[in-house]
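Being a predicted model, the structure only gives us computed values, none of them experimental. All values below come from the heavy atoms of this structure, side chains included, with hydrogens, waters and symmetry mates left out. Order of the sequence lines fixes the chain letters, A, B, ..., with proteins taken first and strands second; residue numbering starts at 1 for each chain.
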Amino acid sequence: TPREGHHDEL
Amino acid sequence: MNLFRLFGDLSHLASILILLHKIQTTRSCRGISFKTQALYVTVFVARYLDLFYDWVSLYNFSMKVFFISSSIYILYLMKVRFRPTHDPSIDTFRAEYLVGPCVVLALIFNYKFTFPEVLWSFSIFLESVAILPQLFMLQRTGEAETITTHYLAALGAYRALYIPNWIYRYFSEGVVDPIAVIAGLVQTALYVDFFYVYFTKVLQGQKFELPA
């Protein structure tokens, strides 16, 4: 899962 | 960044430019669901609050600013500038039936029970169904201006391109974002019927018309 608090997709 | 995501984002960008072009040139927002557009503003504002505390890249930052500002501008065009051309009587989908369940889902499914993360999840779930008032309106009227169908096709293509992007990222980075993937698959599936008519009619030069 992605790093929490960091969403790099739009 | 990979090409699927880049072209997905560009397609998203294009969809908004097509919509703006349609409204400006026809001086009308006929055929466009205000509810769907209002839901998109909600989606962008809820999701892109990280604009203020999480730096990803200049690309990411500019796109977020564009999506928030252009979606608000579209609401302004619909509600103020070209208000008489908007007919609420055919835009009847109950948006609260979408927002409510998305709030509940976001409270249950999130990566951390914090305000920004729950808001992020909410925006992902809401985006997946935000097009429904628009598709419902299309279904009701049974036809659409060609330019409106290009707008929807670009929006659908953006969603479709995110799927190979996730597959690519799984293999290249080992990253899987289950919330985004599941909501994204649902969202893309909603466009299947539309794309069928778009490919078989609009791209063959015919008008977008649903069988009675």
Answer yes or no: does atom CZ of B/Phe66 have more than 12 heavy-atom neighbours from other residues, nucleotides or ligands under 6.0 Å?
yes
B/Phe44 portion near chain A, given a 4.5 angstrom heavy-atom threshold:
neither
CZ (B/Phe7) with more than 12 external heavy atoms under 6.0 Å:
no
Below 4.5 Å from any heavy atom of chain A, which atoms of B/Tyr170 appear? Answer side chain, backbone, both or neither.
neither
For A/His7 against B/Lys64, the heavy-atom pair lying closest together
O-NZ, 4.3 Å
Rounded to the nearest 0.5 angstrom, the CG-CZ distance for A/Leu10 and B/Arg5 is 7.5 Å
Around B/Tyr59, counting heavy atoms of other residues, nucleotides and ligands shown, do more than 12 lie under 6.0 Å from its OH?
yes
Checking B/Asn60 side chain against A/Asp8 main chain: does a donor-acceptor pair fall under 3.5 Å?
yes
